[in-house]
Asks: 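First the structure, then my questions, so here it is.
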Amino acid sequence: MSEQVFRFLAVESWAEFWWVIIGLGGQLLFTARFLVQWIASERAGRSVVPMVFWYLSIGGGLVLFAYAVYRKDPVFILGQSMGIFIYARNLWLIHAERRRDAT
């Protein structure tokens, strides 16, 4: 059974298998963020980007970045590192705005 799974996932060891599972988990976080954004927008009747979107973005980005480092894929590493910076910056701006509004 594991031989078939390994072949399907194009892995040769249990370490590679678990890294693929981690990568798939990161991709699921990315998918979840779009579902959350879509549902929030439908409920509001306008385009909405909820705070959890950015947290899912960072979570997915960090997991996929780790996966890209393991796979030694420089294109994927660069793409994810830029995304993580942008997601973190958006959260910083949101929290700064909330702090200003609270005062």
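Keep in mind that this is a model prediction, so the values were computed, not measured. All values below come from the heavy atoms of this structure, side chains included, with hydrogens, waters and symmetry mates left out.
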Asks: Taking the side chain as every heavy atom from C-beta outward, state whether Phe53 and Phe34 have any atom pair closer than 4.5 Å.
Replies: yes
Asks: Please report the interatomic distance CD1(Ile86) to CH2(Trp54), rounded to the nearest 0.5 Å.
Replies: 8.5 Å
Asks: Looking only at non-hydrogen atoms, find the nearest pair between Met51 and Leu91 and report the distance.
Replies: SD-CD2, 3.4 Å
Asks: Do Leu28 and Phe65 share a hydrophobic cluster, counting only Ile, Leu, Val, Met, Phe, Trp and Tyr and linking them when any side-chain heavy atoms are less than 4.5 Å apart?
Replies: no
Asks: In Å and rounded to the nearest 0.5 Å, what is the CD1 to CD1 distance from Ile84 to Ile58?
Replies: 8.0 Å
Asks: What residues form a side-chain hydrogen bond (donor to acceptor under 3.5 Å, both in side chains) with Tyr70, not counting sequence neighbours?
Replies: none
Asks: Grouping I, L, V, M, F, W and Y whenever their side-chain heavy atoms are under 4.5 Å apart, do Ile21 and Val69 come out in a common cluster?
Replies: yes
Asks: Tell me whether Gln37 contacts the main-chain N or O of Pro50 through its side chain, where contact means a donor paired with an acceptor under 3.5 Å.
Replies: no
Asks: So which atom in Gly23 and which in Leu64 form the shortest heavy-atom distance, rounded to 0.1 Å?
Replies: O-CD2, 3.3 Å
Asks: Quick one: do Val49 and Val52 end up in the same hydrophobic cluster if we chain Ile, Leu, Val, Met, Phe, Trp and Tyr together by side-chain heavy atoms under 4.5 Å apart?
Replies: yes
Asks: Return the set of residues passing side-chain hydrogen bond (donor to acceptor under 3.5 Å, both in side chains) with Gln80 (not counting sequence neighbours), or none when no residue passes.
Replies: none
Asks: Which heavy atom of Trp14 sits nearest a heavy atom of Ser2, and at what distance?
Replies: CZ2-CB, 4.1 Å
Asks: In sequence, state the C-alpha distance, the side-chain angles, and the governing distance for Thr103 and Arg99, and then conclude on side chain to side chain contact (heavy atoms under 4.5 Å, CB included).
Replies: CA-CA 7 Å; Thr103 58; Arg99 280 191 303 273; 5.9 Å; no
Asks: If you look at every heavy atom in Phe76 and Ala68, which pair is closest and at what distance?
Replies: CD2-CB, 3.4 Å
Asks: Under the side-chain contact (heavy atoms from CB on, under 4.5 Å) test, which residues partner Val20, sequence neighbours left out?
Replies: Leu9, Val11, Leu24, Tyr67
Asks: Show the nearest heavy-atom pair for residues Ser57 and Arg33, with the distance to one decimal.
Replies: OG-NH1, 2.8 Å
Asks: Members other than Met82 in its cluster, when Ile, Leu, Val, Met, Phe, Trp, Tyr link by side-chain heavy atoms under 4.5 Å?
Replies: Leu78
Asks: Check side-chain hydrogen bond (donor to acceptor under 3.5 Å, both in side chains) between Glu42 and all other residues, then give those that pass, not counting sequence neighbours.
Replies: Trp38
Asks: Calculate, to the nearest 0.5 Å, the distance between atoms CG and CZ belonging to Asn90 and Phe85 respectively.
Replies: 10.0 Å
Asks: So, taking the atom named CZ in Arg98 and the one named CG in Leu93, what distance separates them when rounded to the nearest 0.5 Å?
Replies: 12.5 Å
Asks: Evaluate the side chain to side chain contact (heavy atoms under 4.5 Å, CB included) criterion for residues Glu3 and Phe8: first the C-alpha distance (whole Å), next the side-chain angles of each, then the deciding distance (0.1 Å), finally the verdict.
Replies: CA-CA 9 Å; Glu3 290 177 21; Phe8 177 76; over 6 Å; no
Asks: State which residues pass side-chain hydrogen bond (donor to acceptor under 3.5 Å, both in side chains) with Ser81; sequence neighbours excluded, sorted by chain then number.
Replies: none
Asks: Are Leu56 and Phe30 side-chain neighbours, meaning at least one heavy-atom pair lies under 4.5 Å?
Replies: no
